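Below you'll find the structure, written out as structure tokens, and then a few comments.
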Amino acid sequence: MVNPAAAARRALPSVDRLLGSAAVAPLIDAYGRSRVTESLRSALDAERIRLVAEDATPFDEVRFFAGCAAALQSGAAPSLKPVFNLTGTVLHTNLGRSVMPQCAADAVMAAMTRPVNLEFDLTTGARGERDSHVERWLKQLTGGDKAVAVNNNAAAVYLALNTLALRREVLVSRGELIEIGGSFRIPDIMSRAGVKLVEVGTTNRTHLKDYADAITPRTAAIMKVHTSNYVVQGFTAAVPETDLAKLAHAHDLPFIVDLGSGTLVDLAQYGLPHEPTPREALANGADVVTFSGDKLLGGPQAGLLVGRKDLMARIAKNPMKRALRLDKVSLTALDAVLRLYLHPERLQHELPALRMLNRTADEIAAQAARVLPAVAAALGDRWRVTVTDCKSQIGSGALPVDSLPSTGLAMTPALKKKGNVGVLASAFRELPVPVVGHIKDGTLILDLRCLDHEGEFVEQLQHLNVGKA
Ligand SMILES: *Cc1c(COP(=O)(O)O)cnc(C)c1O
């Protein structure tokens with residue numbers, strides 16, 4: 001008895017024969033022989049399974065190679081790539097926080113492809129200090145005596161505590177024992193830094209006396225943490241920095257302030273809510289201030305420490321600094337961004353983070369009106385798209401209660417229950433440059449505050465596949 005399916009399977013070409021065929025040569029060029037071999041083998045396995053079905057169409061070499069080429073291409077594509085952040089959160093931690101200015105990208109390009117004087121003093125020809133490249137700007141911009149740069153602000157907090165309070169106690173208000181982004185918790189960092197946390201006061205109210213009563217010979221520092229991602233409202237009390245500094249200094253203790261976001265300029269001059277600056281914290285008596293490079297500062301991921309010379313010198317000498325230090329690429333980007341701050345009047349145009357935070361609702365509304373027809377056309381008549389008012393957030397914990405009036409596109413099914421908003425959201429994420437929005441009350445909202453590259457956004461809508469939504 002003849003089994004046609006079995007015969008078709010036996011007739012499949014061998015991997016060796018396929019490797020020799022002309023159609024495979026360009027694939028070997030692009031992806032290498034071993035990856036192509038592996039891909040042919042697994043495609044042949046799939047073919048054998050497919051041919052078991054009685055009504056299976058016969059083996060088609062052209063289609064077979066096209067399938068292999070597509071699989072190889074998608075397997076080799078980068079998984080980390082640009083997206084459109086239309087979530088409404090400007091400094092979105094999961095989407096890489098701040099977008100950097102072109103001057104930083106240009107500087108980084110040179111630093112990546114050429115040798116640089118990272119730790120080399122060009123005047124003396126001797127060994128140099130890697131942080132010196134950013135320290136000069138940080139001193140100027142904050143008033144600190146000395147600056148140190150590490151991998152992120154969690155590392156900065158760790159390094160300050162581990163240097164100044166190892167095996168001793170640090171006083172922190174119970175109202176400031178924060179968790180950020182689910183992975184940074186002040187109490188956990190403290191214990192890993194080898195420091196004993198002493199909680200003072202209560203969640204909503206902490207007084208100067210609470211700190212004073214907690215000071216013992218084991219106390220190494222007083223720390224204040226900027227409660228960046230929440231506010232304690234109602235019957236509350238916190239001790240001003242100036243009072244905490246006086247108390248710390250009366251006991252010969254350093255006063256550490258973790259600012260979190262920390263911007264280098266007064267945001268109020270750009271019509272944004274005020275966020276404390278390192279300069280203010282130092283002027284209030286802080287001895288060491290820590291803050292992030294990629295939150296409101298608008299630069300690369302980094303943790304920055306500024307403050308008193310003697311304490312900062314000890315921090316710089318901590319052996320863990322070596323493990324937490326910044327690389328040449330981030331230092332170069334940070335240098336470029338800090339230099340923009342030397343011209344505060346240009347900052348709101350040249351620093352993308354600030355430019356996006358500064359866009360007015362009217363400006364965004366005009367953009368919404370421009371892109372609406374293209375979005376409506378791509379969605380077809382099963383979806384209704386309207387321009388909607390919405391509220392953007394700054395993100396990354398900065399200014400948690402303040403939101404910025406913005407404009408977005410709202411998408412709902414034209415006929416109730418005839419469309420799946422979740423599937424529509426995933427179709428937007430499958431675009432060549434994925435578009436990330438957010439769903440609220442059964443509506444997909446694309447907040448246009450951060451829409452740069454408008455032409456590219458519109459152009460790629462032709463690939464939007466709303467078939468399943
Ligand atoms: C964000 C934040 C941190 C952590 O900073 P990373 O740069 O994300 O490591 C620490 N403390 C505060 C108060 C923060 O807001």
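Every heavy atom of this structure was used, including side-chain atoms; hydrogens, water molecules and symmetry mates were not. In listed order, ligands and their atoms are each counted from 1. Throughout, numbering of the chain's residues begins at 1 and tracks the sequence. Predicted model only: the values in this text are computed from it and were never measured.
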Problem - Any N or O of Asp258 closer than 3.5 Å to N or O of ligand 1 - result: yes
Exercise for the section: Quick one: look at Arg97 and ligand 1, take heavy-atom pairs under 4.0 Å, and tell me if it's side chain, backbone, both or neither. Expected result: side chain
Practice task
Find all atoms of ligand 1 within a distance of less than 4.0 Å from any non-hydrogen atom belonging to Lys295, and give their numbers and elements.
Solution key: 1 (C), 2 (C), 3 (C), 5 (O), 14 (C), 15 (O)
Handout entry: Where ligand 1 meets His226 - atom numbers and elements under 4.0 angstrom, heavy-atom basis
Key = 13 (C)
Exercise for the section: For Thr443 and Asp441, test the side chains for any donor-to-acceptor distance below 3.5 angstrom and give the result as yes or no. Expected result: no
Exercise for the section: Assess the side chains of Asn284 and Thr242: does a donor N or O sit below 3.5 Å from an acceptor N or O? Expected result: no
Handout entry: Min N/O separation Ala154 to ligand 1 under 3.5 Å
Key = yes
Handout entry: Any side-chain donor near an acceptor of the partner, His249 and Asp287, under 3.5 Å
Key = yes
Handout entry: Test side chain to side chain contact (heavy atoms under 4.5 Å, CB included) applied to Leu264 and Leu340, Leu304, Leu141, Thr277, the passing residue
Key = Leu141
Exercise for the section: Number the atoms of ligand 1 from 1 as they appear, then name those within less than 4.0 Å of a heavy atom of Ser292, with their elements. Expected result: 5 (O), 6 (P), 7 (O)
Handout entry: Between Thr332 and Asp335, a side-chain donor and acceptor under 3.5 Å
Key = no
